Amino acid sequence: MRILVIQMQATSVPKVRPRFDQALGVLASVLRQDGHQLELAAFSRYQSPEIHDAICRFRPQAIYLQADRFAADITRHAVEFVGRHHVLPVIIGGLYATAQPDAAMSIPGVLAVAIGEPEISVRRFLFALERGDDYERTPGIWINPSDAPAVKNEPAPLSANLDVLPMADRELFDYGAYVARTHAAQVAVARGCPHKCAYCLSDWLADIYLGRGPWVRRRSPGNVCDEIDQLCERYPQIERIQFMDHAFALDRDWLAKFSELYAERCGLPFTCHLRANAIDAESLRLLKEAGCDNAIVELISGSDFVRNEIFDMDTSSRQIERAFRLLATGGIRTTVVHLLGTPYETAITVDHTLELIDRIRPALVHTRLFVPLPGTRAEELCRDSGWLTGLGEKAFRENTPMLRMPAMPAAELTRLLHEFNWQARHPRSSGLMKLLAKLPVGRGKTLYDLLVRHPIPNGRLLPSDPRSIDVREMDGVMNP
Ligand code: SF4
């Protein structure tokens with residue numbers, strides 16, 4: 001079959017490139033092995049002429065639409081357009097479909113919704129669809145027959161042994177262009193995560209897979225190195241590996257074996273995610289020996305209350321400071337991910353965050369406004385507290401306030417966002433900011449506007465260090 005993959009990305013950037021996604025890449029490999037032909041078209045807004053063009057050019061027999069978590073509105077418009085103008089079976093997959101399957105099923109024109117990891121379920125579904133067999137009982141697929149009630153099948157079993165899966169297909173994503181731009185390759189070593197951060201879907205996903213195999217699974221170090229060998233051969237410009245998993249360094253035995261093998265077989269410098277509550281001298285040694293020189297740490301908030309009572313991160317300020325001391329000693333450059341405007345954010349919690357950042361001194365702070373992810377405990381809390389507005393997806397894409405919290409009005413949050421990077425770099429500079437606001441530079445602007453008021457469009461990074469990567473490109477699809 002000819003299958004057009006439509007990737008709906010949640011970003012304010014109007015014209016987007018295909019974004020590599022490990023799970024979609026593995027699905028593409030599996031489907032190509034079955035003889036299907038695939039092409040990918042990526043969108044960040046509803047663009048009916050472009051969707052029409054992509055369909056006319058490729059002439060697909062089916063559409064697999066992978067939607068980001070905050071791309072439901074553009075997905076709905078796109079599917080309705082396909083339903084009105086092209087008679088094609090549409091399957092929706094990805095995290096949006098998994099977290100909100102009822103909403104995805106309600107879109108007119110959707111034939112099927114793929115829940116969770118797609119390589120088993122979507123493969124079986126397409127196999128049956130192509131042969132005209134009965135596909136209504138396919139595990140992991142919800143079916144939307146036009147003339148009968150919806151069929152909601154149980155999730156498919158998890159792929160227990162990740163080593164037997166084919167390597168992700170990267171041609172689908174025009175991966176050579178990514179390598180040419182970044183001189184890096186993204187690699188995922190695991191699926192699932194043992195943590196239960198309340199702003200993340202991990203625990204919810206673990207629940208839907210309960211009894212269907214272990215949730216946290218890892219590829220063997222040899223299998224990971226095999227993929228990197230193949231990547232380096234295919235894309236000689238690769239100079240760095242970006243490991244996408246939040247759980248990358250959480251299994252000490254695996255990390256010890258990986259460190260030895262990676263140093264021996266690969267040796268390229270790499271970036272990875274680290275959890276501040278799981279970094280000690282031994283893990284640091286293993287990471288250093290393997291070649292880690294850049295780490296991304298989810299700080300989220302400088303408030304112990306927000307981090308641990310609200311988001312269940314089980315990470316104290318003391319652990320964070322200790323972890324950053326170790327990382328600095330090891331010469332590992334750090335990027336922190338920070339969410340502004342979390343539940344119970346106040347001027348005091350913002351000060352706590354700035355003070356903590358001042359103490360741990362990361363090289364880069366990636367700040368974005370908090371928008372609760374549908375299906376998470378954080379969203380439940382915001383709903384129960386009456387803070388949710390209808391702005392969710394738009395707010396996420398445009399990095400504007402979404403919650404209405406009496407203690408943190410939207411205008412104040414916007415001001416804090418604009419000033420945050422400056423304040424993180426220049427602690428205790430409120431007097432200087434006031435002075436800059438009085439110094440005109442023409443066209444009604446002041447030095448404050450030029451130097452301080454830098455909105456960070458959709459979390460874009462400011463410095464141009466080659467190791468400064470967009471953290472949004474560092475998350476695997478099943479590592480929400
Ligand atoms: S994937 Fe990341 S955010 Fe989600 S539970 Fe794990 S550590 Fe927390």
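Just so we're clear, the structure is a prediction, and the values are computed from it rather than from any experiment. Side chains included, hydrogens not; waters and symmetry mates left out as well; all remaining heavy atoms used. Counting convention: from 1, in listed order, for ligands and their atoms alike.
Qualifying salt bridge (Lys or Arg N to Asp or Glu O under 4.0 Å) partners for R212, counting only residues two or more places apart in sequence or in other chains: E154. In this structure S106 satisfies the side chain to side chain contact (heavy atoms under 4.5 Å, CB included) test together with R76, sequence neighbours excluded.
Heavy-atom proximity to R275, at under 4.0 Å, picks out these atoms of ligand 1: 7 (S). Under a 4.0 Å criterion applied to the non-hydrogen atoms of C193, ligand 1 contributes the atoms 1 (S), 5 (S), 6 (Fe), 7 (S). If you number the atoms of ligand 1 from 1 as listed, the ones under 4.0 Å from a heavy atom of Y199 come out as 3 (S). Of all atoms in ligand 1, listed by their number and element, those nearer than 4.0 Å to a heavy atom of C200 are 1 (S), 3 (S), 4 (Fe), 5 (S).
Within H246, the N, O or S atom at minimum distance from atom 2 (Fe) of ligand 1 carries the name ND1.
Heavy atoms from both the backbone and the side chain of H195 come within less than 4.0 Å of ligand 1.
Taking the ring centre of Y178 as origin, the terminal cationic atom of R17 falls outside the region bounded by 6.0 Å and 45° from the ring axis.
Side-chain contact, S159 with E117: no donor N or O sits under 3.5 Å from an acceptor N or O.
Looking at D293 and R240, a side-chain N of the basic residue comes within less than 4.0 Å of a carboxylate O on the acidic one, giving a salt bridge.
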